[in-house]
Amino acid sequence: MADPQEVLARRVQSALGAAFGSEYADADPVIRPSQFADFQANVALALAKQLRRSPRDAAAAIVEHLDVSDVCREVEISGPGFINLTLRDEWIADRVQDLLSDERLGTPVQERQNIPIDYSAPNVAKEMHVGHLRTTVVGDALARTLEFLGHHVIRQNHIGDWGTPFGMLIEHLLEVGEDSADAALLKSDPNAFYQAARAKFDGDEDFATRARRRVVALQSGDAETLRLWHDLIELSKIYFNRIYDRLDVTLTDDDLAGESTYNDMLGPICDELSEKGLAVVSDGALCVFLDGFTGREGKPVPLIIRKSDGGYGYATTDLATIKYRVEQLKADRIVYVIGAPQSLHLRMVYETARQAGWLGDAEPIHVQIGNVLGSDGKILRTRSGAPIRLMALLDEAVERASAVVAETRPELDEQTRAAIARDVGIGAVKYADLSIAHDTEYVFDFDRMLALNGNTGPYLQYAVARIRSIFRRGGLDPAQATGPVLVTEPAERALALRLLGFGPTVVQVGDTLEPHRLCAYLFDLAQAFTAFYEACPVLKAERDDVRASRLALTAATLSTLVKGLDLLGVRAPEQM
RNA sequence: GCGCCUGUAGCUCAGUGGAUAGAGCACCGGACUUCUAAUCCGACGGUCGCAGGUUCGAAUCCUGCCAGGCGCGCCA
């Protein structure tokens, strides 16, 4: 067990049992990182009243029964009753030594859960925008992290591939020709295609009529219409996959589970909800009304599962996703990485599913994605007010990174520089999305996300590049840097202690579904490494054993940073 | 009107009910014959929106208020 907090928690619990009786042995020992020691146990203050003793008395009793001599160098009662715990240097060194031969870097394998993750969800024949970027990047990081923790992750890309706009889109595709340049726009600039179709729909009455008729044909399964519809989706998939490739996202065609895949479930869902008395007709629409959901003037908010024209909306489809994921995918947790504004809608969907008895023991979780804002504090758009094209935005990030690389590394060949610029530019954008709490809005700023200082992708990538440079210079293989690890210098100690935090952090990210905690950890680790790098020569260490130890610390930092970035979906280039 | 979210340093953001609330940027002062100075060190900077409450202890939990954002019946 490498996690100091966990080790100390168990020891303190034993002491609690010994000091106050077995009924206290499972009390939370409240171990926290401390500014006065490595950790502090605050349990004495929490239990003092219950024990009818002063907090310092309680702390003294705990310390008296506390057996940590192998782990801690110093145990001290401080202030009103804090127990300050300082780890032994050798204990820290031994734990880092363990990490060197542990491919999981101290991360436990958890009991396997089935976890469908719904993320990305772009629309066919529509440009992805920065909102899609964020759900894609965050969802992908969660998928990678949960998989690493041992879970069975089922990626679900709930693309918008059904609905009334398809009449207009299909009709437009038919007019321009499936092999035309206009149709090819779907692969590169889908909004241009969509807007052309829209313009015809709004301006041409005959076209609009044909489009409406086409929707009916689509819904009734007309073969030729379905073929065209399928074409649209194929062309759009090319666009999606271009974006996913560029972004280094793990989504593939196998993960596509668009709205249309649930079509057959929608009617039966409405029937079942009606039979169960959950759904009633109101103003011609089939609705579910739930207690506690009221809107304007106290009127109950309906979840409309069948529109008055007989069509189905997204509420029904979302209900279908729950049913499918519970019944077919055997989900334990169902993760929806979706915009924060849909919170009310999703709560109603979850509650409806629960009342219908579809949820079982599965837990649906909404990972709320906050809006991405421009520097003006409003939803990010171009100066003309149009949504920003995602590919153009990614290109700009790479271009900016490219300019910096050209300036700072002129000696590298063009191909190498381009590869670095690509990793840094894309990594910067992704990391910016990941490093901020997913449910808050954040201000998009190229200059800040590409900065080499601060909690940025490039800063972490640079730390990795410097480490690799050390091994390159020394003609050494990180895998051969096996120590033994010695901890003497303060910077060595601080770095070693940080290294022990990786596993616990990954576990926390899996529990809370908050990737920004991993970012904060990695940033902290990189800072500790940089301080170490400044203070402790590695290759030029004056003694062989010190050199071997520092190489081992450096190698452990390398694998931790690379693994952490990998879980986030951020590449770490060989050099920068 | 109801509901959800947010309010922390000039700016962008962290912050597990624990001691003196942190980081990056910006500003100021230092550090390159050195494993990548694109990196580091230091200083400056706070009535944690306001007011109550719970608690031994509150940025954190509860209530009210203020400000901003978003949502609230046939788009998704």
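Reckoned from all heavy atoms, side chains included, excluding hydrogens, waters and symmetry mates. To find a chain, count down the sequence lines: A is the first, B the second, and so on, and within it residues start at 1.
Side-chain atoms of A:Asp318 stay outside donor-acceptor range of the base of B:A76, with no qualifying N/O pair under 3.5 Å. Side chain A:Ser435 to base B:A14: no donor-acceptor pair is found below 3.5 Å. Counting distance only, with no hydrogens placed and no angle test, the side-chain atoms of A:Gln40 and the base atoms of B:A19 include a donor-acceptor pair under 3.5 Å.
B:A19 has A:Phe82 stacked on its base ring, the centres lying under 5.5 angstrom apart and the planes within 30 degrees of parallel.
Residue A:Arg32 has a polar side-chain atom (N or O) positioned under 4.0 Å from OP1 or OP2 of B:G18. A close approach under 4.0 Å does not occur between any side-chain nitrogen or oxygen of A:Asn455 and OP1 or OP2 of B:G24. Remark: A:Tyr533 is not in phosphate contact with B:C41, judged by side-chain N or O atoms under 4.0 Å from OP1 or OP2. A close approach under 4.0 Å does not occur between any side-chain nitrogen or oxygen of A:Arg468 and OP1 or OP2 of B:U36. An OP1 or OP2 oxygen of B:U36 is reached within less than 4.0 angstrom by a side-chain nitrogen or oxygen of A:Arg473. Put simply, A:Lys126 has no side-chain N or O that comes within less than 4.0 Å of OP1 or OP2 on B:A76.
A salt bridge is defined here as a Lys NZ or Arg NE, NH1 or NH2 lying under 4.0 Å from an Asp or Glu carboxylate O, and A:Arg10 with A:Glu6 meets this definition.
A:Ala535 comes within 4.0 angstrom of no nucleic acid atom, judged by non-hydrogen atoms across all strands. Residue-level contact check: A:His345 touches neither bases nor backbone, having no heavy atom under 4.0 Å from any strand. The residue A:Thr456 sits apart from the nucleic acid: no heavy atom pair falls under 4.0 Å. Heavy atoms of A:Asp309 sit nowhere under 4.0 angstrom from any nucleic acid atom. Counting non-hydrogen atoms under 4.0 angstrom, A:Gly160 reaches nothing in the nucleic acid. Among the protein residues, A:Ala437 comes within range of the sugar-phosphate backbone only, with heavy atoms under 4.0 Å from sugar or phosphate atoms but none that close to a base. Within 4.0 Å (heavy atoms only), A:Pro341 reaches sugar-phosphate atoms of the nucleic acid but no base atom. No engagement by A:Cys519 is indicated, since no non-hydrogen atom pair under 4.0 Å with the nucleic acid exists. Among the heavy atoms of the strands, none lies under 4.0 Å from A:Thr554.
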- Annotated structure of RNA chain B as dot-bracket, pair cut-off 3.5 Å, Watson-Crick or G-U only, | for inter-strand, is (((((((..((((....[...))))..(((.........)))......(((((..]....))))))))))))....
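When rounded to the nearest whole Å, the span between CZ of A:Phe289 and P of B:C2 equals 21 Å. At whole-Å resolution of the value, CD in A:Glu542 and C1' in B:U34 are 14 Å apart.
A 6.0 Å sphere centred on CG of A:Asp544 holds no more than 12 heavy atoms belonging to other residues, nucleotides or ligands.
Between the A:Asp161 side chain and the A:Glu259 main chain, a donor and an acceptor come within less than 3.5 Å of each other. Using a distance-only test at 3.5 Å, with no hydrogens or angles considered, no donor-acceptor pair links the side chain of A:Ser236 to the main chain of A:Ile233. The closest donor-acceptor contact from the side chain of A:Thr135 to the backbone of A:His132 lies at 3.5 Å or more, if one exists at all. Here the side chain of A:His438 pairs no donor or acceptor atom with the backbone of A:Glu514 at under 3.5 angstrom. Side-chain atoms of A:Thr316 come within 3.5 Å of backbone N or O of A:Ile305 as a donor-acceptor pair.
The residue among A:Gly295 and A:Gln575 whose nearest nucleotide of RNA chain B lies closer to the 5′ end is A:Gly295. Remark on RNA chain B: of its neighbouring residues A:Val301 and A:Gln342, the 5'-side contact belongs to A:Val301, judged by nearest-heavy-atom nucleotide.
Counting only heavy atoms from C-beta on, A:Thr530 has its side chain closest to B:C40 among B:U36, B:C40, B:G1. Residue A:Phe523 places its side chain closer to B:A23 than to any other of B:A38, B:A23, B:A19.
The side chain to side chain contact (heavy atoms under 4.5 Å, CB included) test with A:Ile369 is passed by exactly one of A:Thr136, A:Ile338, A:Val138: A:Val138. Put simply, the residue from A:Leu452, A:Asn453, A:Thr456 that forms a side chain to side chain contact (heavy atoms under 4.5 Å, CB included) with A:Tyr462 is A:Leu452.
With both ends at atom P, the span from B:A9 to B:A21 equals 14 Å, rounded to whole Å.
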Pull out every protein N or O sitting under 3.5 Å from an N or O of nucleotides 29-32 of chain B, one pair per line with the distance.
none

Which protein N or O atoms sit under 3.5 Å from an N or O of nucleotides 3-12 of chain B?
| unit_1 | atom_1 | unit_2 | atom_2 | d |
| --- | --- | --- | --- | --- |
| B:U12 | O2' | A:Arg448 | NE | 3.2 |
| B:U12 | O2' | A:Arg448 | NH2 | 3.0 |

